[in-house]
Amino acid sequence: MLAISLLSPPYATLSYATPAWLDISVWKCGQRVIVPLGKGGMLRAGIIVSIDDSSVKDGVVLKECLWPAEREPLLQPEYLAMVKQLALRHVVTEGEVLGGLLPAGLRTTKIRLRVLDGGKPRTMAMRDVANMSDIERCSLGVLWASNAVEVLDSTFDAEEQELCSLLEDPPWSVRPSAKRQIEVLDFLYDKGMLSRKRLLQELGSGVSAALNTLAERGLIRIGPREEGTCEACQDDDPECFFEADEGFVLYPEQQTVFDEFSALMHADGARSALLYGITGSGKTVVYLELAAEALANGRSVMLLAPEVALACKLEHAVHSRFPSQDCFFYNGYQSPTEREKTFRTLAERTAPCIIVGTRSALFLPSPTLGLIVLDEEHDTSFKQDEGLVYQAKEVAYYRAQQSNGLLLLGSATPDVKTFHAVQQKAVSMGVMRERAGEGELPEVSLLNIKNMKRADGILAAETKRQIRETVERGEQVVILLNRRGYSPLMYCLDCGQVARCPHCEVGLTYHKERERLICHYCGYSVTYPVVCSKCKGLHYLPMGEGTEKLEEYLAEILPPDTKILRLDRDSTRRPGKMQRILDAFANQEAQVLVGTQMLSKGHHFPNVTLAVVADGDLGLNLPDYRAAERTFQLLVQASGRAGRGEKAGRVLIQTRDPEHYCWQFVGSADYDGFYAEEIERRRKRKYPPFVKLALVRVSYPLDWRKGMEWVESLTEIARALGKEHNVRVLGHTPSPLPVLRGRKRFQWTLKSDGWVSIRTLYYAMRKAVPRGSKLRLSLDIDPVNML
DNA sequence: CCTATTAGGTCC
DNA sequence: GACCTAATAGGT
């Protein structure tokens, strides 16, 4: 009997009989197989998770497993153990975990068998095999046993390989009457690079002609991805100053830390360590030297960064340091084909190698890992909170432990939880407090803008003066504003109504370049001007500012020949665009760079002497116990942007809340001080790491009248069980975004001493909801994003 | 009383 | 997710 986890709905683990048409030795744990499901005999792909002869409960007649999708199993027992662990932890099925982890090509039933029995080669789909008589299947089984049948993997349609990407930014240079073309362009702008197939699927096959026209006129490119180029940086990174083929001379501080960690890596048992090094202290060099050591011991290395661009930098560094070493690059933005290829290659590989990528790379099968590095470990991107929920740090910890390797977390502003673990002696720590280059830490000053009127715009007079002076000196300025678009609120001048998203009840953001109002939560958009839903008026007053407006405003107040660049999600839609903007700024083609927080991470501009944080409080008012931590981390990272060259840098932070406790520490980048204060607050208010905290989210369609009843009865269940299991249940409360994508949303906050009781409670709540209900329930263990 | 729609439950 | 079945509303 085979226990098989299905890789698509219902994602259950079901038992199947071993069929007569194949020898029992064909079936192996971790193997991909094709099975029938339901009365219609639909086909599903699954993974064998165990093989035994225990029986199922009475009345269930086992179906037979149809055919293996491969001869040797894709997944090793350790991998399956990890999947099981994740499923238990997040109270989901193994099928849901596997379905969320495997590249699309490894989850499909669309494989074909090729029969080479001496006659004319035949190929057949799995459907054909299912329709055969038992006798035919048996003879096919004989051929399989004699290796006369091979599996042809779902060669994706040619259309799947034709990737469409934009070559221009909005506004589009097409006739306004070309509705189809505009539809395609807007869609690509929103979703990024897409295959022709998906495009036709989503927009209807009617857009086919529009696609061709656009390609001909050079507005889009259709074709396979160019080999060897990566999404984020299309050419060589100017910062790759690593000498090929030899190690570095480490600074004394780096050497000390390296020696400590190297000893740790060779020790036995579970080991995790924190590399606490200020910005510019040269953490990457330490990672690479440790990697060299792991490889020398015949063990593989994983290097993970919070986002693609940073992972890309790491990859360049790896290539320079280890020119002849196999290095695999993996991230969620690669095409399914590309990801599948890497997954398969690594599943078979036994020789040590280096894997570089973002959080999703953590789920690649790999040869025994000696070292896993999470750079910028405090970054919230390491948590996936949509679809399959996981915290990369925990998965990394598990994998490191499983393979007896070292987990190394690196940051200048560690996660409070991680630092607490260091204090508890659960994690070792190495400290680097010196900048490896010349640069001195910048001088940080706060600017109180509490009394500034809205009409004055977002920059205080003093800020404007400093920006102007810096530009006039021929130096560069970086300005951070965590709000993209032109203006986040549009007031109707006739009735005072704010333009809102019909699906989410949040204000629509005006994007001037595209002449559109856009919902930043669900992507809904309408062309501007639009009639007011209440009074049918057409006159709006844009209130508040986003990066687009700030860029425009700066052009007005700065000398006319000043070049200004903008870096946010809108200006970087096209592949390679982000790198081009960063390069242009690094080459001093512009004096000012305006951007959202994507700018604060890891980039390095020697001539920047002033960094301005336009709205320092933006994060502080979020309904999240980590608001202060987040703000502190962001601002210290941002401060690191100024003064990385020879000239001294200054950082100017505008705030309406200068009394807040986090500012005194931001100024001197005093992490230790901040930590001491923050941990005391958490102890007093009973927040993690002193309790386990989870969020149960629920949502239902706006028009479903029974929804509220259900939520109320779930609260009762939670309360009753909470008392019994010593879990504090707060809620139900409307989510911070009470309506999203046309669904009403509520949440419960659960606090407890242990995860087990929280899971028990959630499990009971979910059991109360019938499957297939309009109610969607999900558990977020240790949420990173309270929205 | 018949049929179109929908809510609930199962899939091994 | 797709499909089957039972329950229900709405129409004749």
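Just so we're on the same page: letters track the sequence lines, and every chain starts at 1.
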Exercise for the section: Would you mind classifying the nucleic acid contact of G38(A) as base, sugar-phosphate or nothing, using non-hydrogen atoms under 4.0 angstrom? Expected result: sugar-phosphate
To the nearest angstrom, the CG-P distance between L43(A) and dG1(C) comes to 18 Å
Here the distance between atom P of dT10(B) and atom CZ of R44(A), to the nearest Å, is 17 Å
- Hey, are the side chains of T358(A) and Y333(A) touching, using non-hydrogen atoms and a 4.5 Å cut-off? no
Atom NZ of K767(A) and atom P of dT10(B) are separated, to the nearest Å, by 12 Å
Worksheet item: Are L714(A) and V769(A) close enough that some pair of their side-chain heavy atoms sits under 4.5 Å apart?
Response: yes
### Query
Is any side-chain heavy atom of I222(A) less than 4.5 Å from a side-chain heavy atom of I220(A)?
yes
Check ion pair R32(A)-D153(A) (N to O, under 4.0 angstrom):
yes
request  = Inspect the surroundings of NZ in K28(A) and state if more than 12 heavy atoms from other residues, nucleotides or ligands are less than 6.0 Å away.
outcome  = yes
**Report entry** Side-chain touch L80(A)/I47(A), heavy atoms, less than 4.5 angstrom
**Finding:** yes
Applying a 4.0 Å non-hydrogen cut-off, can you work out what V61(A) is touching in the nucleic acid: base, sugar-phosphate, or nothing?
sugar-phosphate
(request) For the pair R344(A) and E348(A), evaluate salt bridge (Lys or Arg N to Asp or Glu O under 4.0 Å) and give the outcome as yes or no after the intermediate values. (result) CA-CA 7 Å; R344(A) 279 180 191 280; E348(A) 284 169 23; over 6 Å; no
Ordered by number, residues from residues 1-27 of chain A within less than 4.0 Å of DNA chain C (heavy atoms) are P9(A), P10(A)
L775(A) atom CG is separated from dG9(B) atom C1', nearest whole Å, by 16 Å
* To do: Please state whether the phosphate of dC11(B), meaning OP1 or OP2, lies under 4.0 angstrom from any side-chain nitrogen or oxygen of K39(A).
  => no
Under the rule of Watson-Crick or G-U wobble with both distances under 3.5 Å, where | means paired to another strand and [ ] a crossing pair, DNA chain C maps to |||||||||||.
| field | R71(A) vs N147(A) side-chain heavy atoms within contact, under 4.5 Å | value | yes
In whole angstroms, the gap separating P of dG9(B) from CZ of R766(A) amounts to 15 Å
| Cation-pi between R137(A) and W144(A): NZ/CZ under 6.0 Å from ring centre and within 45° of the ring axis? | no
